[in-house]
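Working notes for the structure below.
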Amino acid sequence: MSSSTIQTPAVTDNELRERFRPIFDRIAEGAVQREHERRLPFHEVQWLREARFGALRVPVEFGGFGATVRQLFDLLIDLAAAESNLPQALRVHWSFVEDQRLAGDERARHWLAAAADGTLVGNAITEPGVGAADRYRTTLTRKGGDWVLDGIKYYSTGSLYADHILVAADRDGERVSVLVDAQQAGVEQTDDWDGFGQRLTASGATTFTGVVVPEDRILGPGYGAPGRTYATAYLQLVQLAVLAGIARRAEADAVDWVRARTRTFTHAVADLPRHDPLVQQVIGKLSAAAFGARAAVLTVADDLDVLLDAGADNPELLDRAEASAARAQSVVIGLVLDATTQLFEVGGASITSSEAALDRHWRNARTVAAHNPLIYKQQAVGAHVLNGDPLPYAWSAGRRPGVIA
């Protein structure tokens, strides 16, 4: 296959929308109430599971939909508009499925079939303290005849909703990924994420105490291993899809607010806000932001489609996808943070009502935007463009290797 050719989708966009948009609409109905109650969306995840949303990228021969990356991210934006927490909660599930697609061995075929049946995979990668800048503190060791996992992870996003957890660990100085059952003995999960946004992603701590890991659940080095990988751009793009969905919902909420509003100001140029040119300008700006954010996400998705269809090992295509995602991060974050602030210009003080919870859009966007800080991405792109410096790919929070605190 040509490296510039994307495979023909196995399912049409309309077929996917007809299947999933009613579910997204149902999820959206309870978004504000869940925000007020801090109620984790277990029921909503189950609706997605029953509709086999996690099987979008699973090939048809294993029971999946065979959707393209572009189709996946198009739907993730729509899901984020309904509930911004859910695409982020499922983030590692998508990269896990891609890893199995690329591996193509018997074990991978087993997990692809499991994903087709509704199985979801969460993650436990990031660690407290020093983190994984050079070595994980979570360990996989031999005890008797078993491999045993011990350690503590932070930001285990989505794992409370998952059937299995992909865990990054150290095995005698070697970086490995292991897959454990979420309900397995020795696994303890806590919803202790205290961020002011994205409160329902279940990004809490996970403790592993003497968790027995069968040999066939040790999957290799996984994310964070040195070298080029599709996964950095892919995982970052999920966050950008979340932002694009937030922009779309912010636009829709602002439109609903203006259409229903009858009060205006004595110095306004129209009797109704919806006829006021200044208010119309704000709505136009919000609409443009949502459009631009979506377009940027889908452009990167196209690059990932080409890369993954070519086997994900072409250095030129890897760099192209990574650079596209890094540039899109700068564009999308700027558009969405501005839009989620500007929406308050369409109403008076009443638009800040906690009951309406319109502040959640900015809080959620600001929280998502803090992942893989933008200042480092912009510097990396600048150094790459100016001097040909290699792109950093995998990101890790913690002390730099060799630096003594």
Can a donor-acceptor pair be found, under 3.5 Å and without considering hydrogens, that links the side chain of Thr119 to the backbone of Ala114? yes
Give the intermediate values and the outcome of side-chain contact (heavy atoms from CB on, under 4.5 Å) for residues Lys377 and Val381. CA-CA 6 Å; Lys377 282 293 183 73; Val381 171; 5.6 Å; no
Heavy-atom closest pair (Gly347 atom, Trp257 atom, distance to 0.1 Å) is CA-NE1, 3.8 Å
Does Arg39 come within less than 4.0 Å of Glu44, counting only side-chain N to carboxylate O? yes
Smallest heavy-atom separation, Ala55 atom then Ala115 atom, equals CB-O, 3.7 Å
**Asked** Does the ring centre of Phe53 sit less than 6.0 Å away from the ring centre of Trp94?
**Response** yes
message = Less than 4.0 angstrom from a charged side-chain N to a carboxylate O is my criterion; do Lys153 and Glu127 meet it?
response = yes
Worksheet item: Is Tyr155 atom OH crowded by more than 12 heavy atoms from other residues, nucleotides or ligands, each under 6.0 Å away?
Response: no
*asked:* For a side-chain contact (heavy atoms from CB on, under 4.5 Å) check, start with the C-alpha distance between Asp303 and Val306, then their side-chain angles and the critical distance, and finish with the verdict.
replied: CA-CA 5 Å; Asp303 284 344; Val306 173; 5.7 Å; no
Phe65 six-ring face occupied by Arg57 cation (under 6.0 Å, within 45°) = no
* Backbone N/O of Ala326 and side chain of Ser330: donor-acceptor pair under 3.5 Å -> no
Would you call the rings of Tyr161 and Phe42 parallel, tilted or perpendicular, taking 30° and 60° as the class edges? perpendicular
Under the 6.0 Å and 45° cation-pi test, does Arg171 pair with Trp147? yes
Inset, instruction - Verify whether one side chain among Tyr393 and Asp319 offers a donor that lies under 3.5 Å from an acceptor in the other. - result: yes
In short, Asp99 meets Tyr230 closest at the heavy-atom pair OD1-OH, 2.7 Å
task = Evaluate the side-chain proximity of Val242 to Ile246: yes if any heavy-atom separation is below 4.5 Å, no if none is.
result = yes
Whether the side chain of Ser159 engages the backbone of Ala162 through a donor-acceptor N/O pair (distance < 3.5 Å, no angle test) should be reported.
no
Practice item. May I ask you to say whether Asp78 pairs ionically with Arg17, meaning some side-chain N is under 4.0 Å from a carboxylate O? Key: no
**Prompt:** Counting distance only, does the side-chain N/O of Asp276 pair as donor-acceptor with the main-chain N or O of Leu278 below 3.5 Å?
**Reply:** yes
Practice prompt. Would you sort out whether Arg101 and Glu98 count as a salt bridge (Lys or Arg N to Asp or Glu O under 4.0 Å), showing the intermediate values?
Written response: CA-CA 5 Å; Arg101 284 172 53 95; Glu98 295 296 346; 3.5 Å; yes
Rounded to the nearest 0.5 angstrom, the NE2-CD distance for His371 and Gln198 is 8.0 Å
Next on the checklist: Take a 6.0 Å sphere around CD of Gln281 and say whether it holds more than 12 heavy atoms from other residues, nucleotides or ligands.
Outcome noted: no
Nearest heavy-atom contact between Leu102 and Gly311 is CD2-O, 3.8 Å
Test item: Arg249 side-chain N/O and Ala80 main-chain N/O as donor-acceptor pair under 3.5 Å: no
- Message: Between Asp117 and Arg52, does any NZ, NE, NH1 or NH2 come within less than 4.0 Å of an OD or OE carboxylate oxygen?
- Response: no
In terms of heavy-atom contacts, Val258 and Ile283 come closest through CG2-CD1, 4.3 Å
Item to check | Backbone N/O of Asp74 and side chain of Arg294: donor-acceptor pair under 3.5 Å | outcome: yes
task: Begin with the C-alpha distance, continue with both residues' side-chain angles, and end with the deciding distance and a verdict on side-chain contact (heavy atoms from CB on, under 4.5 Å) for Thr206 and Val187.
output: CA-CA 7 Å; Thr206 306; Val187 177; 4.1 Å; yes
- [ ] Kindly confirm or rule out a cation-pi arrangement of Arg199 over Trp193, judged by NZ or CZ under 6.0 Å from the six-membered ring centre and within 45° of its axis?
- [x] no
